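This report concerns only the one structure given below.
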Amino acid sequence: MSINYSEKIPNNVDLANDKTLQRALEHWQPRFLDWWREMGPNDFASADVYLRTAVGVDAQGWANYGTVKMPDYRWGIFLADPTPDRTIGFGDSFGQPVWQQVPGEFRSQFRRLIVTQGDTEPASVEQQHRLGHTCPSLYDLRNLFQINVEEGRHLWAMVYLLHAYFGRDGREEAEELLARHSGDVDKPRILGTFNEPISDWLSFLCFTYFTDRDGKFQLKSLAESSFDPLARTCRFMLTEEAHHMFVGETGLARVVKRTLEVMKETGTDDPEAIRRQGAVDLPLLQRYLNFWFSSSLDLFGSEVSSNAASSFANGIKGRPDETTQYQDHVCAEANRELDLPDGQGGLKKETVGMRNAMNEVLREAYVKDCEIGLKRWNMQIKRAGYGFELKLPSNRFRRAIGAWTNVPTDLDGKVIGREEFDRRLPDWTPSASDRTYVKSLMQRVAEPGRMAGWIAPPDRGINNLAVDYEYVRLA
Ligand SMILES: [Fe+2]
Ligand SMILES: [Fe+2]
């Protein structure tokens with residue numbers, strides 16, 4: 001199904017044939033644009049940005065590149081093509097035909113999931129609202145804006161589902177998605193991580209590496225859903241999402257590269273000496289990784305969850321790559337052993353039904369995926385001849401959701417005393433002085449091809465263009 005760009009709302013869902021839905025969404029559209037103008041990267045509304053826009057939904061050649069002013073970006077509704085005769089891939093209804101409508105008994109569960117996913121999309125745009133002012137290069141500025149417009153598009157994706165399948169409740173939820181704001185005291189975004197402001201680029205790169213990757217895993221498990229329109233929506237979102245994680249992974253690799261250059265030049269790995277040269281010392285990077293990894297782990301929810309169990313049983317949310325990665329798609333009998341805190345400073349083993357452990361299954365798949373970047377960065381460090389190794393902290397470290405909430409542990413997950421934890425935390429997560437230092441690095445570099453001193457240039461430009469292409473023309 002090709003995308004129709006001649007309509008007010010570009011789409012490949014034949015919107016013109018459903019006048020009621022079309023009118024409702026056309027009513028929501030100006031509100032979205034108001035939100036974008038107010039909460040998006042509004043100081044750059046008149047800049048010309050080299051952006052990609054979806055033109056199709058198949059993996060090859062799905063995007064078009066061109067210069068666009070962000071408020072003119074064509075946000076629309078794009079679903080991956082249906083899989084003929086698709087059947088339910090997991091849970092109690094395994095093997096039955098997928099649903100084209102939401103079954104009444106699962107309506108509120110689906111609605112909550114879609115709203116929670118939808119809420120994160122505009123939240124991240126709000127978190128990054130002022131970041132453009134301190135861009136390390138025009139290449140990076142363009143990537144930030146690409147991500148921002150696509151998160152806006154992901155909001156459209158969820159709002160389409162709410163409008164099309166949830167009637168009046170859905171329309172109300174769509175309004176609320178524009179009314180909550182990241183960090184707002186009265187009406188915050190739903191999930192904690194999405195209320196943390198992202199005011200420096202090191203945080204942004206960690207966010208795209210760790211938090212967007214949570215998004216990838218949530219989308220992957222919703223792409224397995226028995227509710228076919230949701231599955232198709234998420235499948236196409238994943239195509240867009242890949243670039244967001246690319247920005248995080250290559251961005252952090254460029255930070256490491258620059259630091260290694262400075263270490264070579266100065267002949268020392270002393271953090272103070274590295275900082276005098278305006279680069280990010282590796283222990284500082286490690287503390288940023290610890291912070292963002294642990295806060296992103298919370299997004300997967302509690303280790304033991306009856307909600308997760310019923311989502312799986314009811315065919316609402318599967319596991320990432322359900323068909324290819326798992327043998328048992330029903331998991332009615334299977335068990336899972338978990339290490340949980342025993343409340344006395346130790347560990348206890350607990351066996352729970354596999355369905356109840358689904359959050360943990362997802363979290364483990366996520367952690368494995370996170371390891372890939374660390375391996376690459378460590379390879380860079382090793383090749384440069386240094387012994388420093390970046391590491392992910394234990395899943396138990398600094399958790400605010402689930403069994404490990406408020407259980408003080410060290411980076412290896414060993415339970416320690418509260419006092420020791422408080423004393424050592426500034427060595428483990430960015431301290432106030434770390435943040436001040438990182439903030440001092442955030443000086444805007446906006447000449448084509450030039451990079452800030454704390455990050456190396458990328459290996460290549462966007463869409464085969466040169467690195468020194470003028471990716472954003474600031475007005
Ligand atoms: Fe997204
Ligand atoms: Fe994203």
Side-chain angles (χ1 to χ4, degrees), residues 3-13 15-16 18-55 63-79 114-115 117-133 141-164 166 170-184 187 189-190 194 233 236-237 240 244 472-475:
I3 295 179
N4 186 344
Y5 268 96
S6 66
E7 290 178 41
K8 244 182 169 171
I9 301 171
N11 72 90
N12 69 347
V13 294
L15 198 55
D18 187 340
K19 290 292 173 209
T20 317
L21 178 60
Q22 188 180 37
R23 258 197 307 276
L25 285 165
E26 284 181 1
H27 186 69
W28 188 80
Q29 189 178 36
R31 292 162 196 246
F32 169 82
L33 290 171
D34 285 346
W35 166 81
W36 178 269
R37 279 188 213 105
E38 193 188 335
M39 305 302 291
N42 48 11
D43 297 326
F44 298 87
S46 51
D48 288 312
V49 189
Y50 186 73
L51 293 177
R52 71 176 184 190
T53 305
V55 287
N64 220 346
Y65 288 82
T67 300
V68 183
K69 292 194 199 319
M70 284 184 280
D72 301 332
Y73 190 78
R74 299 300 310 277
W75 286 282
I77 300 158
F78 315 131
L79 271 62
I114 292 169
V115 166
Q117 179 63 40
D119 196 65
T120 65
E121 314 286 0
S124 67
V125 176
E126 293 167 353
Q127 288 172 289
Q128 297 155 17
H129 171 63
R130 297 190 49 80
L131 207 50
H133 290 291
L141 186 61
R142 176 265 167 209
N143 283 343
L144 167 69
F145 293 157
Q146 182 71 61
I147 291 174
N148 288 164
V149 295
E150 282 172 354
E151 301 304 6
R153 220 237 15 106
H154 293 174
L155 171 60
W156 269 96
M158 294 299 118
V159 162
Y160 163 71
L161 294 174
L162 289 169
H163 270 253
F166 294 86
R171 290 193 294 277
E172 281 170 11
E173 294 284 12
E175 297 295 321
E176 287 297 302
L177 283 168
L178 298 176
R180 285 185 292 271
H181 297 309
S182 180
D184 192 304
K187 270 183 164 276
R189 290 295 176 184
I190 297 169
F194 291 87
T233 303
F236 183 65
M237 289 165 76
E240 294 169 313
H244 308 183
V472 182
R473 228 165 301 130
L474 298 164

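Every heavy atom of this structure was used, including side-chain atoms; hydrogens, water molecules and symmetry mates were not. This structure is a prediction, so every number in the text was calculated from the model and none was measured.
Taking CD1 of I147 as the reference point, atom NE2 of H154 lies at 10.5 Å (rounded to 0.5 Å). Once rounded to the nearest 0.5 Å, the distance linking CG of D18 with NE2 of H163 reads 12.0 Å. Remark: D119 CG to E173 CD distance equals 9.5 Å, nearest 0.5 Å. Interatomic distance, CG of L21 versus CD of E26, reported as 10.0 Å (0.5 Å rounding). Atom CZ of R52 and atom CD of Q146 lie 5.0 Å apart (nearest 0.5 Å). Separating the CG atom in L51 from the CG atom in N64 is a distance of 11.5 Å, to the nearest 0.5 Å.
Panel note: side chain R189, backbone E121; no donor-acceptor pair is recorded below 3.5 Å. Looking only at distances, no side-chain donor or acceptor of K187 sits under 3.5 Å from a matching main-chain atom of D184. For the pair H129 (side chain) and G40 (backbone), a donor-acceptor distance under 3.5 Å is present. Between the side chain of R153 and the backbone N or O of G76 there is at least one donor-acceptor pair closer than 3.5 Å. Proximity of a side-chain donor or acceptor of Q127 to a complementary backbone N or O of S182 within less than 3.5 Å is not detected. Between the side chain of N11 and the backbone N or O of I9, at least one donor-acceptor pair lies under 3.5 Å.
By the 4.5 Å heavy-atom criterion applied to side chains, T233 and M158 are counted as neighbours. Between W28 and L178 the shortest side-chain heavy-atom distance falls below 4.5 Å.
Ring planes of Y65 and Y50: parallel class, angle under 30° (limits at 30 and 60°). Between W156 and F32, the ring planes lie perpendicular to each other; the angle is over 60°, past the 30° to 60° tilted range.
In this structure, a donor-acceptor pair under 3.5 Å is present between the side chains of W35 and E126. A donor-acceptor contact closer than 3.5 angstrom links the side chains of N4 and E7.
Ion pairing of D34 with R31 is absent here, as no side-chain N (NZ or NE/NH1/NH2) approaches a carboxylate O to less than 4.0 Å.
When the ring pair (Phe, Tyr, Trp, His ring centres under 6.0 Å) test is applied to H27, no partner is found at least two apart in sequence or on another chain.
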